[in-house]
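Beneath this line is the structure, given in structure tokens, with notes to follow.
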Amino acid sequence: MKLRGQDLPRFRRKLQEWFSGQRRDLPWRRTKDPYRIWISEIMLQQTRVAAVIPYYESFLERFPDVRALASAPQEEVLRLWSGLGYYTRARNLQRAAREIVERHGGEFPRNLEDALALPGIGRYSAAAILSIAYEEPLAVLDGNVARVLARIEAIRGDPRESARWKRLQQAADALLDGRAPGAWNQTVMELGATVCTPRAPVCLLCPAAKWCRARQLGLTDVIPEKRCKRKPIQLLLAAAVFTDRNGRTLLVPPRDATAGEEVSPLFSRMWQFPAVHVRRDAKPELRRYLAEEFGTAALKTAELEALEPVRHGVTFRAITISAFRVRVPRLPRSAGSRSIELGNLTKLPVSNLTRKIARAATAPGRPG
DNA sequence: AACTCGGGGCT
DNA sequence: AGCCCAGAGTT
């Protein structure tokens with residue numbers, strides 16, 4: 001059947017009925033508070049629902065409204081974001097919170113132009129927030145929606161290619177139910193997330209099946225076309241986990257030039273263990289770095305005990321970290337460094353790479 | 001238009 | 001071991 005004229009209302013109704021029956025009960029679906037919708041949409045950028053839920057809960061407990069977020073120290077915001085990834089989202093989130101307080105009286109703007117002017121808000125997020133929180137008639141287009149619409153309309157090729165993305169946006173605009181834009185947008189996204197999945201879509205359970213041209217043409221496996229990514233590169237780091245008698249360790253600050261401009265980004269510019277990029281042999285190169293950074297006296301007698309190697313991926317980089325425990329009577333110091341309990345890194349913003357290293361250092365039965 | 005940014009869960 | 005996700009900002 002064609003998705004035009006008389007059949008469009010039928011299509012919408014079918015999908016909305018499906019949604020009302022299959023709608024997942026998600027925390028951000030229990031509120032109409034624009035602030036909460038906003039937080040959820042930022043967290044959900046390129047991040048799965050299951051990963052977001054615990055962060056959403058604790059973040060909102062700590063920052064229940066936009067003023068609480070605006071007035072917090074940035075480090076506190078990053079701490080609550082720690083482990084979720086894409087940390088510029090958290091920085092932009094707080095900058096936007098401050099703008100909302102200063103320029104919009106503490107209320108998330110209702111107007112598309114004002115929303116787009118906020119840092120971290122692009123076309124997708126603006127449409128999502130304004131439609132869900134304020135019922136503004138704006139159609140969302142994200143990875144899920146693009147896949148659903150590309151299949152329904154049998155649009156071949158890479159959906160992220162500029163011209164094709166515009167065409168998909170037009171398709172989304174045309175299908176939008178202006179009477180219930182928030183629910184409609186969530187319906188299409190939900191369909192993409194649970195039925196019209198990238199691989200092995202469950203067409204037998206799909207409410208859009210009879211309108212789906214990809215299904216009619218047997219193209220559900222080739223639409224959408226996969227996007228090509230750059231080849232991953234291998235990287236080797238060496239990191240030092242100092243421990244003193246009290247079980248405390250030492251972290252160095254973000255953007256620490258002495259820690260190496262090429263290493264800090266791999267820790268997402270968050271607090272990290274002292275680390276170097278290894279050229280040949282991890283242990284002597286780390287030892288040389290530690291001597292430069294912390295002085296030879298503190299390390300003269302200290303041994304470097306190898307821990308279980310840690311693996312971590314940052315976009316296209318596959319990182320292997322040779323971590324060493326360095327037992328010292330007193331932690332050394334360097335500019336801006338901090339000491340913290342090894343078993344409790346949650347007091348500082350750290351990336352998951354740092355967490356993995358800490359876990360390797362506290363895990364039972366490690367080598368050495 | 002091409003890159004970069006995190007991390008994990010599922011096939 | 002891939003693959004991709006409720007994308008946005010920068011170059």
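In the text below, chain A, chain B and the rest are named by the order of the sequence lines, each starting its count at 1.
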(message) Students often get this wrong, so: under 4.0 angstrom with heavy atoms, is A/Ile42 touching a base, only sugar-phosphate, or nothing?
(response) nothing
(request) Check the surroundings of atom CZ in A/Arg156: do more than 12 heavy atoms from other residues, nucleotides or ligands lie under 6.0 Å from it? (result) no
(request) For A/Ile121 and for A/Tyr124, find the nucleotide of DNA chain C with the closest heavy atom, then tell me which residue's nucleotide is more 5'. (result) A/Tyr124
(request) Would you check, one step at a time, whether the test salt bridge (charged side-chain N to carboxylate O under 4.0 Å, His left out) holds for A/Glu161 with A/Lys166? (result) CA-CA 9 Å; A/Glu161 194 268 324; A/Lys166 282 179 185 165; over 6 Å; no
(message) Strictly under 4.0 angstrom, non-hydrogen atoms only: write out the protein contact profile of nucleotides 3-11 of chain B, one letter per nucleotide from the 5' end, B, S or -.
(response) -SBBBBB--
(message) Near DNA chain C, counting only heavy atoms under 4.0 Å, which residues of residues 171-196 of chain A show up?
(response) A/Met189
(message) Is it the case that over 12 heavy atoms from other parts of the model lie below 6.0 angstrom from the CZ atom of A/Arg167?
(response) no
(message) Using the P atom as the point on both nucleotides, what is the distance between B/dG6 and C/dT11, in whole Å?
(response) 15 Å
(message) Over all strands shown, is A/Leu26 touching base, sugar-phosphate only, or nothing at heavy-atom distances under 4.0 angstrom?
(response) base
(message) Is it the case that atom CZ in A/Arg103 sees more than 12 heavy atoms from other parts of the structure closer than 6.0 Å?
(response) no
(message) Between A/Tyr55 and A/Trp81 (judged by ring centroids, cut-off 6.0 Å), do the two rings come close enough to count as a pair?
(response) no
(request) Determine whether the side chains of A/Thr346 and A/Asn344 contain a donor N or O and an acceptor N or O closer than 3.5 Å. (result) yes
(request) Assess whether side chain to side chain contact (heavy atoms under 4.5 Å, CB included) is satisfied between A/Glu75 and A/Leu348, documenting all intermediate values. (result) CA-CA 8 Å; A/Glu75 187 165 271; A/Leu348 289 179; 3.9 Å; yes
(message) Is the shortest side-chain heavy-atom distance between A/Leu235 and A/Thr320 below 4.5 Å?
(response) no
(request) Please list, in 5' to 3' order, the outermost nucleotides of DNA chain C lying under 4.0 Å from any heavy atom of chain A. (result) C/dG2 to C/dG9
(request) Taking atom C1' in both B/dC3 and C/dA6, compute the distance separating them and give it to the nearest angstrom. (result) 22 Å
(message) Could you tell me if the side chain of A/Arg24 sits less than 4.5 Å from the side chain of A/Thr194, heavy atoms only?
(response) yes
(message) Just to be sure I understand the rule, does A/Trp81 reach a base, reach only the sugar-phosphate, or reach nothing, if contact means heavy atoms closer than 4.0 Å?
(response) nothing
(message) Both A/Gly120 and A/Arg147 contact DNA chain C. Taking the nearest nucleotide for each, which residue is further toward the 5' end?
(response) A/Arg147
(message) If you take the centroid of each ring, where Trp contributes its six-membered ring, are A/Phe294 and A/Phe242 closer together than 6.0 Å?
(response) yes
(message) Students often get this wrong, so: under 4.0 angstrom with heavy atoms, is A/Ser162 touching a base, only sugar-phosphate, or nothing?
(response) sugar-phosphate
(message) Taking A/Thr31's backbone N and O only, do any of them form a donor-acceptor pair with A/Arg36's side chain (distance below 3.5 Å, no angle check)?
(response) no
